[in-house]
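Working notes, beginning with the structure itself.
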Amino acid sequence: MKYLVIGSEGPGFCSDEEAADVLENVIIPAFDELLDLEHEGTIVGGVPVGDRGFVFIADAESHDDLDRMLRSLPIWGVLEWEVTPLQDFDARNRQERTILKHLKAEG
């Protein structure tokens, strides 16, 4: 299954020390994991320019697998997550063709 994943509202910083700590212990490790997932072909995405968040399409076997993937990210507890399951084009195309066939048969 494919999912549109949006992680938003990343942390702001009150001081340079806090910024350094969050960057070193949360954000950079999260980028490292996201890059690993991208190299594995599990996700494709990026960062909206000027934003504190991530957007990607994830490929996972199930909702539970995606949940485990997101929870394993160092930044999981810091961002607000929005996940939308995606129907693939082929399945939707078949569905629309079936609807069209029934509409034409009834009309």
Side-chain angles (χ1 to χ4, degrees):
M1 270 185 108
K2 288 188 174 52
Y3 300 85
L4 171 63
V5 179
I6 301 170
S8 61
E9 300 183 31
F13 311 112
C14 294
S15 67
D16 289 347
E17 294 81 21
E18 181 184 15
D21 182 54
V22 173
L23 284 168
E24 183 175 35
N25 296 305
V26 178
I27 295 177
I28 291 173
F31 273 115
D32 291 341
E33 282 203 39
L34 290 167
L35 285 166
D36 288 346
L37 290 168
E38 192 169 54
H39 291 186
E40 292 170 7
T42 304
I43 68 168
V44 61
V47 177
V49 174
D51 200 351
R52 293 188 326 258
F54 304 95
V55 177
F56 54 88
I57 302 291
D59 193 4
E61 292 294 319
S62 67
H63 299 332
D64 291 340
D65 287 342
L66 179 66
D67 187 65
R68 278 189 288 278
M69 178 197 320
L70 294 177
R71 288 174 177 266
S72 74
L73 296 172
I75 202 157
W76 177 78
V78 178
L79 298 179
E80 295 292 323
W81 294 96
E82 180 182 337
V83 177
T84 304
L86 300 175
Q87 183 178 24
D88 66 45
F89 293 126
D90 186 50
R92 185 59 177 260
N93 185 26
R94 287 192 314 269
Q95 180 180 348
E96 298 297 344
R97 288 175 183 277
T98 300
I99 291 169
L100 177 61
K101 183 192 294 184
H102 290 302
L103 290 171
K104 284 186 169 186
E106 292 174 2

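Predicted model, so just to flag it, every value in this text is computed and none were measured. Index from 1, following the sequence.
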message: Could you go through Gln87 and Lys2, starting from their C-alpha distance and side-chain angles, then the distance that decides it, and tell me whether this counts as side chain to side chain contact (heavy atoms under 4.5 Å, CB included)?
response: CA-CA 7 Å; Gln87 183 178 24; Lys2 288 188 174 52; over 6 Å; no

Could you tell me whether the side chain of [X] and the main chain of [Y] form a donor-acceptor pair under 3.5 Å?
X	Y	value
Tyr3	His63	yes
Asp21	Glu17	no
Glu18	Cys14	yes
Trp81	Val5	no

message: Count I, L, V, M, F, W, Y as connected when their side-chain heavy atoms are under 4.5 Å apart, and connections chain through other members. Are Val78 and Val55 then in the same cluster?
response: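 Different clusters: Val78 never reaches Val55 through Ile, Leu, Val, Met, Phe, Trp or Tyr contacts under 4.5 Å.
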
query: Any link between Ile43 and Leu4 through a network of hydrophobic side chains (Ile, Leu, Val, Met, Phe, Trp, Tyr) touching at under 4.5 Å?
result: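 No, Ile43 and Leu4 fall in different hydrophobic clusters.
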
State, yes or no, whether a side-chain contact exists between [X] and [Y] at a heavy-atom distance under 4.5 Å.
X	Y	value
Met1	Pro85	yes
Asp67	Val83	no
Leu79	Phe54	yes

I need the [X] [atom1] to [Y] [atom2] distance, nearest 0.5 Å.
X	Y	atom1	atom2	value
Thr42	Ile57	OG1	CD1	13.5 Å
Leu70	Asp65	CG	CG	11.0 Å
Lys101	Glu106	NZ	CD	13.0 Å
Glu33	Met69	CD	CE	10.5 Å
His39	Leu34	NE2	CG	11.0 Å
Asp32	Leu73	CG	CG	11.5 Å

message: Evaluate Val44 against Phe56 for side chain to side chain contact (heavy atoms under 4.5 Å, CB included), listing each step before the verdict.
response: CA-CA 5 Å; Val44 61; Phe56 54 88; over 6 Å; no

- request: Step through the shown structure and confirm whether more than 12 heavy atoms of other residues, nucleotides or ligands are within 6.0 Å of CD on Glu61.
  value: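 12 or below, so no.
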
Greater than 12 external heavy atoms within 6.0 Å of Glu82's CD: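 No, not enclosed.
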
message: Check this for me, if you would: do Arg94 and Asp90 make a salt bridge, where the nitrogen-to-carboxylate-oxygen distance has to be below 4.0 angstrom?
response: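 A salt bridge is present here (some side-chain N lies under 4.0 Å from a carboxylate O).
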
- prompt: Do the charged groups of Asp64 and Arg68 touch, with an N to O distance under 4.0 Å?
  reply: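 Between Arg68 and Asp64 there is no salt bridge, as every charged N stays at least 4.0 Å from the carboxylate O atoms.
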
message: Which heavy atom of Ala91 sits nearest to which heavy atom of Asp88, and what is that distance?
response: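 Shortest heavy-atom separation between Ala91 and Asp88 comes out as N-OD1, 2.6 Å.
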
